[in-house]
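Beneath this line is the structure, given in C-alpha cells, with notes to follow.
Values reported hereafter were calculated over all heavy atoms of this structure, with side chains retained and with hydrogens, waters and symmetry mates removed. Keep in mind it's a predicted model, so treat the numbers as computed, not measured.
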Amino acid sequence: MATEACYTIIHQDDSLDQPSLQELKTALEKGSEEAKIDTMKKILVTMLNGDPLPQILMHVIRFVMPSKNKVLKKLLHFYWEICPKTNPDGKLKQEMILGCDAPLPLQVTGTRIIGAIVTLVPFLFGIYASVLVKLNQDSSSTKDYCLLGTSAFLSSSSVKYEAATSLMALTHAPAAVKAAASCYIELIIKESDNNIKLIVLDRLDELREKHEQTMDDLVLDILRVLTRHVNLLSTGIPDIEVRRKALRIGLELVSSRNVQEVVVFLKKELSKTLDQDYEKNNEYRQLLIQSIHGCAIKFSEVAANVVHVLMEFLGDSNNPAAVDVIAFVREVAEKFPNLRSSITEKLLETFMDVKSGKVFRGALWIVGEYCAECKDIEEAWKQIRAGLGEIPILASEQRLLEEAEKEEKPEDASLETKIAGPSSSRRILADGTYATESIYSSNSTTNSKLDAVKAAAKPPLRALLLGGDFFLGTVLASTLTKLVMRYSEVSNDAKKTNSFRAEAMLIMASIIRVGQSQFVSTPIDEDSYDRIMSCLHVLEQLSIDASIKNVFLQDTKKAYTRIVEDEEKRTAVKKAKDKSTVAVQVDDLISFRQFSKRNLGDDADEYELDLTRATGQSDPRDDLISKLSRVVQLTGFSDPVYAEAYVNVHQYDILLDVLIVNQTSETLQNLSIEFATLGDLKLVERPTQHNLAPHSFHSVKATIKVSSTETGVIFGNIVYDGPGTAESNCVVLNDIHIDIMDYINPAYCNETQFRSMWTEFEWENKVNVNTNITDLRDYLSHIMKSTNMSCLTPENALSGDCGFLSANMYARSIFGEDALANISIEKRVDGAITGHVRIRSKTQGIALSLGDKITLAQKAAT
C-alpha cells in the first residue's frame, strides 16, 4: 500500500473472529439486505486496512449492484472509491466494464445519494475541478495546472466535452482556456459524426468570442479540421458545413502574427481541390478563395503573395469560384496601386483561358481602368483582338457558312437545280428504288449547316457574344472606349491613336450587326444596343468634345472606390456593434463567497451552485416562464388519462418530457405511450410500459432526432389495459407541431452570393402582403423578427421617406440550409401597404414553412 492512496486507518479488534473470503461471498450471495449491509461494512474495513480483496469484486457486481436499498448503494459507492480498478500491469480490469454498464440511480429523491455518486466518481471532471477550486490552497496558476492535469485521465469523448465545458464554467485563466479549446479541437478531428462536429464547433465559437486574444495561437489547429474528411453517408449534413464553420472561426482568429501561416495553409488546401474527387469540391474551392480574399484585404502584406496564385483559377469551370477570384483581383487592384501593373500583366496572360461571361466582364473592367501605360494598352488590345477573332464578325461567319455549303457537293445533278415549289424531283437510290427530296428537306439541310457553323470552335470572347451575352458586349465597348481615350492622353502617336479608334468603332458596329443576324442564339436587346451606340458616338466626337473623358476615365473609377469604402465602413460598424455589447453592467453587485452570509436571503448551497454550473444546467433560457410556454396539452381534462408534454428543442434533438396522470380510481396496467412522426423526424427509442396506480402520475421521456429544417408533426396515443384481462383502451393524443424557428438563425452573405443562390434555388413561395401596419420599416422589422432573418440591404439604402421599400433577407438553419427572401412593398394613397414577399430555398419544406410563418405573423400583427 506504499504506492496507493491512503484514505484512513480503522482499528480492527484482533480478538474477534474475522470472516473468511468464502463466508463473505456466501453472505453477499444468499444473505438478506441487512446481512449484505454488515458484510459490505466488513469488506470496506478490511480493504482500508490493506487487504484489497480482489476476489470479491464479481460477487459485489452480481449481488450488490442490483439492490435498490439506499444504504447498500451508499456503501457500494465507497467500495467503488477504494477498490483496485487495474491489474498489476496497470491495465483496467475486465470486470470493471460490468460495473460501468450499471445504470446510475440519479432519478431519486435522496440528494445524499446523488451527491455521493457525483463526488465519488473521480472521472467526473467538472465536479473534481470545482473541489480543487474550493480548496483555494494554492495560487491560481497552480490550480489551473491541477485542472489541466485532470484531463489526462479522460478517455470518453462525451466526458471530455463535458469536462471542457465545466472547466470554462469554473475558471477563465489562459492556460485553462487553451486546454478547453484544444480538447474541443481534438474532439472535432476525431469524431466522425458531422452533428457532433457542428455542436462542438458552436461551443468553440462561443469560447472564441470571450477569449479571442488567448486562442489566436490555435488557429492552425482549428484549420486542421479542413483536412479531415468524414463519411458523408453517416449523416444528412454535408461535410462542407463543418468546413465552412471551421473556416469562419479560424479567420476570426487571424492576426498579423499568424496570417502568413494561415495563407500558406489555405493555398495548400486550394491546390488540393484540383485533384480531389469530392462531391462539394467546387463549393469548397469557392469557400477557400473567399477566405484567402478576406485575409489579403485585411492584411496587405499577404496580398501580393496570393493574388497571382488565385488568378490561376480564372479559367476554372466552376463559375462562382472564378467570379469570386475576379472580384478579389478587382478589389486588390483598387486598394493596392503598387500591384496594378503586375495584376494587369498576369490578367492578360490568362485572358484566353476565361470561360465565363461574368469573369470576362470583370477582367475587361480591370483592363479598362488600370492599364495606364502605352505598352499595357497595346498588350490589352492585342489580347482583346485574339479573343474576338476575325472581324467583322458577321462577314466572317457568313463566309464560313458559304464555305460549308460549297464543300457538300451534290451526288446527283438534279439536286443542283433549285426546287421552286412543293413538287419533288425523282432520284434513283443504290437499290434501284425512287427517292425524293423536297424543299422542306433542303431547309433542314441549311439549318444543320448553320448549327454546325455555330458549334465550330471559336475564340472565347467571340463565342460568348454569339451565344447572346450582349451585356458582355456593352462592357467590351466601354473598355475599348476607355483604352482609346487613355492612349490618346499618354501617347503622342496620333496615327496609332486613330487606328485604335477606327478599330474600336469597327468592333462595336460588328457586335451590333451580328446581334441582328441569324448567327446568334438570341438577338441583341435594346439596352445593349443603346449602350454600344452611345460608345460609338463618343468615339466619333472624341476630337470635338473632350469633356466626356472625365465620365469614362474618372467617374466610373470613383464610383467603385465609393463602393469599396462603403463596404469597409459597413464591416467596421458591424464589428464595432458586435464588440459593444456589455456582458456585465458597471453597477452590478460583486458577490464574494467568503464574505456572504447564509441569513441574508441567499439560501443557495454553494456546492449545489457549483454542481449546477459544472453539469451545464444553468441555462438562463430554462426558467419557469420559458418552460411553461413550451408545455403542450396532449389530452383533455375529462379523459381517463391526462397527459401533457414539455417540448425542449436542443439543436438536433427534441426532448419530450410527458407527464401522465391516472384520473381513474383503478390501476392502469401495461400503460404505454406510442409516438409517430411526420417529416424529417425520427423517434430514437420507444417508451417502456408501466403500471399506474389510481390517481397517481408518471413521467415518460422520449428523444426525437431532427435531420432537416422542415415543420414536423409528432402524433400518437396512450394504450393501457383495464381491470379485465381482455379489455384494452386507447386515448388519442393531440398533435405536437415543431416550430421551424427553433432551427433558423440570422446569417449574412454578400450580394454576389445572394444572387448566385437566388438563381440556383428552384423552390419559391410568394406571400402577398395583408397587414394593418402602415409604416414600411415597421413591417420589415416585424417580418425579420418573425422569421429570424437578417436584412442584407444596407441601412443607407433603406433610409429616407419614400412610398416603396425593397430589401433582401437571409437566414441559415443549423443544418446548413439557406433561406432567401425578397420583400417588395409600397404604400398606397390610403396608407395601406401592398406588395409581396418572395421566399426561395433549395428544399420545398423550408420555403413553405417560412411562407406559413409570414402569413401567421401578418395575421397576428393585424
Between atom CG of Asn729 and atom CG of Asn670, what is the distance when rounded to the nearest 0.5 Å?
12.0 Å
Ion pair Glu762/Lys842, N-O distance below 4.0 Å:
no
Over 12 non-hydrogen atoms of neighbours within 6.0 angstrom of OH in Tyr748:
yes
For Pro694 versus Glu666, what's the shortest heavy-atom pair and its separation?
CG-C, 3.7 Å
Drop me the distance from Ile736's CD1 to Gln633's CD, to the nearest 0.5 angstrom.
11.5 Å
Judged by modelled atom types alone, do Thr165 and Tyr184 share a side-chain donor-acceptor pair under 3.5 Å?
yes
Contacts of type ring-ring contact (aromatic ring centres under 6.0 Å, His included), residue His690, not counting sequence neighbours:
His698
What's the verdict on salt bridge (Lys or Arg N to Asp or Glu O under 4.0 Å) for Arg840 and Glu764, showing C-alpha distance, side-chain angles and the deciding distance?
CA-CA 4 Å; Arg840 285 197 181 185; Glu764 178 175 321; 2.6 Å; yes
Return yes if a side-chain donor-acceptor contact under 3.5 Å exists between Ser67 and Asn69, otherwise no.
no
Could you tell me which non-hydrogen atom of Gly851 sits nearest to which non-hydrogen atom of Asn765, and how far apart they are?
CA-ND2, 3.4 Å
Identify, with sequence neighbours excluded, every residue that meets ring-ring contact (aromatic ring centres under 6.0 Å, His included) alongside Trp763.
none
Residue pair Asp818, Tyr810: steps toward the side chain to side chain donor-acceptor pair (under 3.5 Å) verdict
CA-CA 8 Å; Asp818 299 299; Tyr810 176 65; 2.5 Å; yes
What are the two closest heavy atoms between Ala693 and Thr667, and how far apart are they?
CA-OG1, 4.2 Å
To the nearest 0.5 Å, tell me how far Asp775 CG sits from Ile773 CD1.
9.0 Å
Audit row: Asp202, Leu204, side chain to side chain contact (heavy atoms under 4.5 Å, CB included) steps and yes/no:
CA-CA 5 Å; Asp202 288 336; Leu204 185 64; over 6 Å; no
4.5 Å side-chain heavy-atom contact, Asp657 and Asn648
no
Lys73 to Lys68 - nearest heavy-atom pair and separation
CE-CA, 3.8 Å
For Arg777, is the CZ atom crowded, meaning more than 12 foreign heavy atoms sit under 6.0 Å from it?
yes
So, the side chain of Glu826 versus the backbone of Thr834: is there a donor-acceptor pair under 3.5 Å, distance only?
no
Establish, yes or no, whether a centroid distance under 6.0 Å links the rings of Phe637 and Tyr642.
yes
If every non-hydrogen atom of Leu780 is compared with every non-hydrogen atom of Met809, which pair is closest and at what distance?
CD1-SD, 4.0 Å
Straight-line distance of Phe697 CZ to Ser699 OG, nearest 0.5 Å:
9.0 Å
Any chance you could measure Cys791, atom SG, to Ile783, atom CD1, to the nearest 0.5 Å?
12.5 Å
Answer yes or no: is there an ion pair linking Lys190 with Glu186, defined by an N-O contact shorter than 4.0 Å?
yes
Please name the pair of heavy atoms, one in Val242 and one in Leu201, separated by the smallest distance, quoted to 0.1 Å.
O-CD1, 3.7 Å
